[in-house]
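Here's the structure, in structure tokens; my notes come after.
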Protein chains: 2
Amino acid sequence: MRPSTPLDRVAGAHDAAVLAVARRGEPVSRTDLAEALGVTPQAISKILARLMERGMMAGAGSIISGPGKPTTLYRIVPSSRRAIGLHLTRTRLRGVVADLTGEVVSHREIEIGHRQPVPELLETLTAQARELADVGSGTLLGVGLGMPGPVDFSGGVYRGTSAPDPWRGAEIRRMLVDALAMPVLLDHDSRAAIVGETWSQPDLLRNAALVLVEDGLGASLSIDGSIVRGAHSHAGEVGHTVVRMDGAPCECGRRGCAQAEFAASLGRGDVEDAAQVLATIVLDLVRLVDVDRVVLGGSTVYAHHEQMMGAIRSALEAGLREEPWVHVEVMLSTRGTDLIAVGSACEVLEHEYGLPTALVGPE
Amino acid sequence: MRPSTPLDRVAGAHDAAVLAVARRGEPVSRTDLAEALGVTPQAISKILARLMERGMMAGAGSIISGPGKPTTLYRIVPSSRRAIGLHLTRTRLRGVVADLTGEVVSHREIEIGHRQPVPELLETLTAQARELADVGSGTLLGVGLGMPGPVDFSGGVYRGTSAPDPWRGAEIRRMLVDALAMPVLLDHDSRAAIVGETWSQPDLLRNAALVLVEDGLGASLSIDGSIVRGAHSHAGEVGHTVVRMDGAPCECGRRGCAQAEFAASLGRGDVEDAAQVLATIVLDLVRLVDVDRVVLGGSTVYAHHEQMMGAIRSALEAGLREEPWVHVEVMLSTRGTDLIAVGSACEVLEHEYGLPTALVGPE
DNA sequence: GACGTAACGCAACAGCGTTGCTTTATTCTG
DNA sequence: CAGAATAAAGCAACGCTGTTGCGTTACGTC
């Protein structure tokens, strides 16, 4: 393994930055990139030469815009790399193959047995991964796995809840690495989701929140372009955020938790009130971290997206009336059902070709 | 001005990293630093040479620990640099001079007239800054100013509220730069406070929240070592976080805002309930961003710190019973009344000698 | 007093982006 | 239609970063 000098980090960061611009899809010129990266066009030539040698970028013709030599254009080569993304729930396993731009090349879904023990689960996961490994072209970078509930990202362990749970404490990443012999990343579903969203639109979602409503309630953040995982990789568990201090008791022991209130409202068919709960959380979150985009995703949201988005938009408008300079855009995820699976694949892409978060420090 | 090449940024980042380690106070060896930065000891020699030439580091003797040449130790030179920090409220202006380690060299406080118009305010600020500029030794880096209410950090403008306000929209930074002819930074009080806390203990507070309770309620975040300012530099305004969706109406139009509930409880002498409101916010915040330290500060907190900290600690313990791996330390700011003024000074230090957040990008 | 050891320094090196200049490909002009 | 003007791209030398290899220094041990 190479010694990874700080100079490698400079080169790597620039490579990543060029890819981030190119990922938008439109061909880019040397000048565009030079401006975006803050380096000279000559440096861009060298950076592009590196990326082209690795097959990740390619020429895309040239345009003539007035006198002088025509501008050469370059584009990303989506099919040069790919990653597998898996989305695991208690009843289903969805899998996708995503290319370098984060677009889905192929997807498949299977049902899994309820309360499957770990060895069986492992078998299911590896089988799915192996099938997907045959799809698409380009270097296969690895496998990303997203799942609900507390997950230790750095340790690759599913932490689980205190309720009886066959998966609790399973060292999923280590086991998958052993079985598949390729890099594996394990992360919380809502964080995987926001990685997927930001991968395909990095500059748009520099400061964004993704609210995920599936069985539970999750909210993950992208702050200044990097995903928040937290000190114990526990960030995003907003299900038990208190919205009514004297509300209905929750299984967690407190009262008025968002998740409980949300489910209760939805249970009695009061979508409007459920949307209000969501809106409250979003507004609070906007005040705390000041994101300018809120992306909504998850099956429960898709089912009622008009009401949910409406409620959130009007709550934001009302709540931020005093601060007219704060403008927050609320949008629905474009990924649909693939959201978390794609996001998990993008975690692998991000890990390999994302902008580095730290400039100094070991490893 | 030099072209600031990416290599400068590497050097700058390493310089900053060495200072961050040295700031802890204890002398450090070449080997310690090499390990902390992930570079070779030889590189540390070069980095230290740069810093020593600028007077920021100095030798600190040597220790003999067995056979071989004794280890040379190095220490930071606190008096080599200094910055002025100002804390402005509606009635007071507090000022400090802080050295390179963020320690207070001198402080002074004056009362200011109520609803002072901008020109007069400017006069007060510059007079205070000029007096403080004469205190202490070392290169004076600039002036930091922290104040409550919405502040545009990047623009250096006080945004103010919709209530009649003579300071609203004042371009404070530009005016102070013109008057003082030195760098000026303007920031929200709670963010200034957390900059101050993290400056003196950078590794301890990599993921931390600072809850500030003065007149209003603020909560600023340090995520993976960098301060969250947000898309519109509006992060930290948690005063209107909803804790009781059907609580007492707040001036903002919603019901059950934390600030209103907190003030109401405190107003009727119910410190316990006020503490509960604070505890609710802290727990919600921990779930969202997963910080492992919570620092409390501000005059209102100091007055009731035992009850407040107790309530927060037990709320965290109860709320995180299901997630025993999440451990959050609650601590009181060690800065006391100087908190925001020191923090404002540290904003200047951080700006000049802090770890850069991005490796690529213009400027 | 010779030897092993550990920290340190010097010098050559590789690789990054930058700088200055040349080359190339287009449009405009006489 | 030829020549000047223009703009993009390439080539080569350079400055700077940290790295590598080896020699030097200062300590303890035998």
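Throughout, protein chains are lettered first and strands after them, A, B, ... in sequence-line order, and every chain is numbered starting at 1. Remember, predicted model here, so these are calculated numbers, not experimental data.
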Within this structure, what is the [atom1]-to-[atom2] distance between [X] and [N], rounded to whole angstrom?
X       : N      : atom1 : atom2 : answer
B/Ile44 : C/dC8  : CD1   : C1'   : 13 Å
A/Leu73 : D/dA8  : CG    : P     : 12 Å
B/Ile63 : C/dC8  : CD1   : C1'   : 15 Å
B/Leu7  : D/dT17 : CG    : C1'   : 4 Å
B/Glu35 : C/dA7  : CD    : P     : 12 Å
B/Ile64 : D/dT29 : CD1   : P     : 11 Å
B/Asp8  : C/dG17 : CG    : C1'   : 11 Å
B/Ile47 : C/dC8  : CD1   : P     : 14 Å

Among [options], the nucleotide that comes nearest once only the side chain of [X] is considered:
X       : options                : answer
A/Ala43 : D/dG10, D/dC27, C/dG17 : C/dG17
A/Lys69 : D/dG18, D/dA9, C/dA7   : D/dA9
A/Val39 : D/dG28, D/dA9, C/dG17  : C/dG17
B/Thr71 : D/dA8, D/dG15, C/dA7   : C/dA7
A/Pro70 : D/dT17, C/dT26, C/dC8  : C/dT26

Would you please say whether a donor-acceptor pair under 3.5 Å links the side chains of [X] and [Y]?
X        : Y        : answer
A/Asp224 : A/Ser226 : no
A/Arg24  : A/Ser200 : no
B/Arg30  : B/Ser45  : yes

message = Using 0.5 Å steps for rounding, measure from the OG1 atom of A/Thr139 to the CE atom of A/Met56.
response = 8.5 Å

request  = Any chance you could measure B/Ser344, atom OG, to B/Arg191, atom CZ, to the nearest 0.5 Å?
outcome  = 11.0 Å

Run the side-chain donor-acceptor check on residues 345-359 of chain A: report pairs under 3.5 Å with partners two or more places apart or on a different chain.
from     : atom 1 : to       : atom 2 : distance (Å)
A/Glu347 : OE1    : A/Arg229 : NH2    : 2.7
A/Tyr353 : OH     : A/Arg81  : NE     : 2.8

query = 5'-most contact on DNA chain C: A/Lys46 or A/Ser62, nearest heavy atom basis?
reply = A/Lys46

request  = Could you check A/Gln42 against A/Val10 and say which one's nearest nucleotide on DNA chain C is further toward the 5' end?
outcome  = A/Val10

query = Can you list the residues that meet the ring-ring contact (aromatic ring centres under 6.0 Å, His included) rule with A/His234, with sequence neighbours excluded?
reply = B/Trp325

request  = Identify whether the distance between the nearest side-chain nitrogen and carboxylate oxygen of B/Arg206 and B/Asp292 falls below 4.0 Å.
outcome  = no

query = With sugar-phosphate meaning primed atoms plus P, OP1 and OP2, does A/Thr31 contact a base, only sugar-phosphate, or nothing at under 4.0 Å between heavy atoms?
reply = nothing

request  = Please work out if B/Ser45 contacts a base, only the sugar-phosphate, or nothing of the nucleic acid, heavy-atom cut-off 4.0 Å.
outcome  = sugar-phosphate

Reckon [X] has a side-chain N or O less than 4.0 Å from the OP1 or OP2 of [N]?
X       : N      : value
A/Arg50 : C/dG17 : yes
A/Thr40 : C/dT18 : yes
A/Arg9  : C/dG17 : no
B/Arg30 : C/dA7  : no

ask   = How do A/Ser29 and B/Gly68 order along DNA chain D: which one's closest nucleotide is nearer the 5' end?
value = A/Ser29

ask   = Which residues, if any, of residues 11-28 of chain B bring a heavy atom under 4.0 Å of DNA chain C?
value = none

